[in-house]
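Down below is the structure, laid out as structure tokens.
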Amino acid sequence: MSEGLDVIIVDDDKNLCTVISETIKRFYGWGDVIPFTKADEAITYCLSQDTSIAIFILDVFLGDQSGFTFLDAVKDKYSSAPEDTVIITGHASEDIVNMCVASDVTHLLEKPLKPYELQLAVRSIVTKYMKFAKKVLHDPDFAALVAKFEPKGLAGGVV
């Protein structure tokens with residue numbers, strides 16, 4: 001992973017995974033864009049990283065798994081993963097919408113994907129982090145307050 005906010009794409013359709021990856025690379029400059037066609041490989045990759053934030057673009061159906069099982073597998077490390085996820089599906093049925101709501105996923109796109117929809121969803125997630133970073137940089141009182149927080153299980157507040 002880069003030093004930025006990476007985008008992890010998981011879609012078992014190799015061609016679609018490539019198209020999504022190339023589309024995001026055209027507008028995204030805050031980190032790496034990393035595509036996977038196998039959920040298990042993506043999970044292994046994510047769990048091996050030092051950082052604990054990323055943007056996830058997940059297909060609902062990933063062979064014998066789902067985008068939601070992927071989120072369950074990484075949620076201990078990536079606690080904000082649901083809010084930082086864009087779920088994609090061929091048909092946004094009521095069941096899929098309900099699964100998104102139950103999982104705290106607020107970005108759902110239907111295939112065929114429109115590049116501007118993907119861009120707006122990703123930028124919506126990035127904006128949250130950019131606003132937070134600006135506040136930390138420009139508000140010393142807020143930065144001092146943030147520095148007092150220590151994530152569970154980590155000594156010294158290192159993220």
Go through the structure and list residues passing side-chain contact (heavy atoms from CB on, under 4.5 Å) with [X], not counting sequence neighbours.
X	result
L120	Y116
K75	D72
K38	E41

Taking it one step at a time, do L58 and F36 satisfy side-chain contact (heavy atoms from CB on, under 4.5 Å)? CA-CA 10 Å; L58 307 173; F36 292 93; over 6 Å; no
Other cluster members, V19 - Ile/Leu/Val/Met/Phe/Trp/Tyr, side-chain contacts below 4.5 Å: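 Traced through the cluster, V19 reaches no other member.
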Taking all atoms of both residues into account, what is the closest heavy-atom pair of [X] and [Y], and its distance?
X	Y	answer
G67	L62	N-CD1, 3.8 Å
E110	L113	O-CD2, 3.6 Å
H91	I96	O-CD1, 3.3 Å
Y28	D6	OH-N, 4.4 Å

Distance-only, no hydrogens or angles: does the S48 side chain make a donor-acceptor pair with backbone N or O of Y45 under 3.5 Å?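 Such a contact is found between S48 side chain and Y45 backbone.
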Looking at [atom1] of [X] and [atom2] of [Y], how far apart are the two atoms once the value is rounded to the nearest 0.5 Å?
X	Y	atom1	atom2	result
K77	I53	NZ	CD1	12.0 Å
I9	T18	CD1	OG1	9.0 Å
S52	L47	OG	CG	11.5 Å
S124	I55	OG	CD1	9.0 Å
I88	H107	CD1	NE2	14.0 Å
D32	I24	CG	CD1	12.5 Å

Side chains of C100 and V97 in contact at under 4.5 Å (non-hydrogen atoms):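 No, side chains not in contact.
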Can you confirm whether I20 sits close enough to P35 that some side-chain heavy atom of one is under 4.5 Å from a side-chain heavy atom of the other?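 SC-SC contact between I20 and P35 ruled out.
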Under the salt bridge (Lys or Arg N to Asp or Glu O under 4.0 Å) definition, can you give me all pairs with a residue in [range], not counting sequence neighbours?
range	value
residues 94-107	none
residues 118-127	none
residues 83-92	D84-K128

List for me each residue that meets side-chain hydrogen bond (donor to acceptor under 3.5 Å, both in side chains) alongside T23, sequence neighbours excluded, and say none if there are none.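 Listed in chain order: R26.
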Residues which pass ring-ring contact (aromatic ring centres under 6.0 Å, His included) with F68, listed by chain and number, not counting sequence neighbours: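 Per chain and number, F68 pairs via ring-ring contact (aromatic ring centres under 6.0 Å, His included) with no residue.
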Among residues at least two apart in sequence or on other chains, which ones pass ring-ring contact (aromatic ring centres under 6.0 Å, His included) with F70?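 ring-ring contact (aromatic ring centres under 6.0 Å, His included) check on F70 returns F56.
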Pairs where residues 53-70 contributes a residue and the test side-chain hydrogen bond (donor to acceptor under 3.5 Å, both in side chains) is met, not counting sequence neighbours: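 Output for this query lists D40-Q65, D59-K111.
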Pick out which of I125, T106, V74, L71 makes a side chain to side chain contact (heavy atoms under 4.5 Å, CB included) with T85.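 It is L71, the one option of I125, T106, V74, L71 that forms the side chain to side chain contact (heavy atoms under 4.5 Å, CB included) with T85.
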Without placing hydrogens or testing angles, list every side-chain donor-acceptor pair under 3.5 Å for residues 10-17, not counting sequence neighbours.
{"from": "D11", "atom 1": "OD1", "to": "D13", "atom 2": "N", "distance (Å)": "2.9"}
{"from": "D12", "atom 1": "OD2", "to": "G63", "atom 2": "N", "distance (Å)": "3.0"}
{"from": "D13", "atom 1": "OD1", "to": "N15", "atom 2": "N", "distance (Å)": "3.0"}
{"from": "D13", "atom 1": "OD1", "to": "L16", "atom 2": "N", "distance (Å)": "3.1"}

Can you confirm whether K114 is buried at NZ, in the sense that more than 12 heavy atoms of other residues, nucleotides or ligands lie under 6.0 Å from that atom?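 Open: at most 12 neighbouring heavy atoms sit under 6.0 Å from NZ of K114.
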